[in-house]
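The structure under discussion appears below in the form of structure tokens.
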Amino acid sequence: MNPALSVDASGWGGGTVNRVSVTGFERSTAAQYTAGSFASTAATDTGAIVEGLPFTVAVAVRSNVFPVHSGTIYIEWLTSGGSGFGYPSAPFTLTAGVVSRVSVTATAPSGAVACRGILDGINFSVTPADITAALIEQTSSLLDYFDGDSTSAIWDGVPGLSSSTLADVISGTAHLTLPALTVDLAGTAKDPGHLALTLPRLAMAATGRVTLRGTLAARLPALTADLSGQVLPPSGVTGRPPALLSSDSRPVADLAGSSEPLTILQGGEA
């Protein structure tokens, strides 16, 4: 397929044809016919046509001198051996000096594996014509022209000398409900810019030693003292030993004279 003669005029046939630069078309080069009464586009690749599906063939054409009142565009179906058959058609008219798109749509018959477009009814010797932007597409209606140089399209083979594929683009607003995300992080997270996140509460269990430096404001648990043993005053000391106080400042024992059994149980530590 050579849709717009951007490289050369290979595949185009019919009357006397030359590759020329043009303006007013979607592409800047065209096949200019100056003799003969019909023109044919380059054919599709073998296998591009599928039996039973609708195909539309279209070209952009301009008659340079006189109007055309009774032109006809055909689809020439091609067999695997390259023979043409079928020729479904549609009429068209042209205004002199005005670029027009003409097209025909038909269902591919049995045995068709490729096709080309043919224009008839123009006396090129009297009114030379420029033809380019051939589009052969699997569709039942005429769509916008594209080739591999169009936005969102690519050449399927050699640029300018092959078929093209146009990506489907869907416009609109998508409404999506995303599932909750679960993230396991291991390592160090850094925020070099501005990160706006709402994070869930984190629960952490730490085992080890906590060292505090500075002023410690803490409330210690009560200490219970139960002293077992003997308390002996130093030799030569007489008098009453002071009362032992528990952590709640109440006397635990009143020692006078002989020793009293005491036991210490410590329930807190600072």
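Scope of the values below: all heavy atoms of this structure, side chains included, with no hydrogens, waters or symmetry mates.
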Inter-residue atom distance Leu119.CG - Ser37.OG, 0.5 Å rounding: 11.5 Å
OG1 on Thr44 to CE on Met1, rounded to 0.5 Å: 7.5 Å
Within one Ile-Leu-Val-Met-Phe-Trp-Tyr cluster: Ile118 and Val102, side-chain cutoff 4.5 Å: no
Ser40 side, atom OG; Phe38 side, atom CZ - distance, nearest 0.5 Å: 6.0 Å
Joint hydrophobic cluster, Phe55 plus Phe92, side-chain heavy atoms closer than 4.5 Å: yes
Closest non-hydrogen atom pair, Thr29 against Leu5: OG1-O, 3.1 Å
Side-chain touch Leu94/Ile122, heavy atoms, less than 4.5 angstrom: yes
Shortest non-hydrogen separation from Arg101 to Leu143 and the atoms involved: NH1-O, 2.8 Å
Cluster link Ile73 to Leu142, ILVMFWY, side chain under 4.5 Å: no
Minimum-distance pair of heavy atoms, taken over all atoms of Ala42 and Ile136: O-CD1, 4.4 Å
Any side-chain donor near an acceptor of the partner, Arg19 and Ser10, under 3.5 Å: no
Val65: hydrophobic cluster co-members (side-chain, 4.5 Å): Phe66, Val126
Test item: Ser63 side-chain N/O and Pro67 main-chain N/O as donor-acceptor pair under 3.5 Å: no
Heavy-atom pair with the smallest gap, counting every atom of Pro3 and Trp12: O-CZ2, 3.6 Å
Asn2 versus Gly160, closest heavy-atom pair with distance: OD1-O, 3.1 Å
Within one Ile-Leu-Val-Met-Phe-Trp-Tyr cluster: Trp77 and Val50, side-chain cutoff 4.5 Å: yes
Connected via hydrophobic side-chain network under 4.5 Å: Val7 and Val17: no
Step-by-step side chain to side chain contact (heavy atoms under 4.5 Å, CB included) determination, Thr72 to Val104: CA-CA 9 Å; Thr72 304; Val104 56; over 6 Å; no
Contact list for residues 140-163, test ring-ring contact (aromatic ring centres under 6.0 Å, His included), sequence neighbours left out: none
Atom pair CD (Glu26) and CG (Leu135), whose distance is rounded to the nearest 0.5 Å: 9.5 Å
Steps toward side-chain hydrogen bond (donor to acceptor under 3.5 Å, both in side chains) verdict (Asp156, Thr165): CA-CA 7 Å; Asp156 298 328; Thr165 298; 2.7 Å; yes
Listed partners of Tyr33 passing ring pair (Phe, Tyr, Trp, His ring centres under 6.0 Å), at least two apart: Phe124
For the student: nearest non-hydrogen atoms of Pro54 and Gln138, plus distance: O-NE2, 3.2 Å
Nearest-0.5 Å distance that lies between atom CZ in Phe85 and atom SG in Cys115: 10.5 Å
Heavy-atom check, side chain of Val113 versus side chain of Ile49, under 4.5 Å: no
Point-to-point distance, once rounded to the nearest 0.5 Å, from OG of Ser164 to CD of Glu137: 10.5 Å
Short side-chain donor-acceptor distance under 3.5 Å, Ser103 and Thr56: no
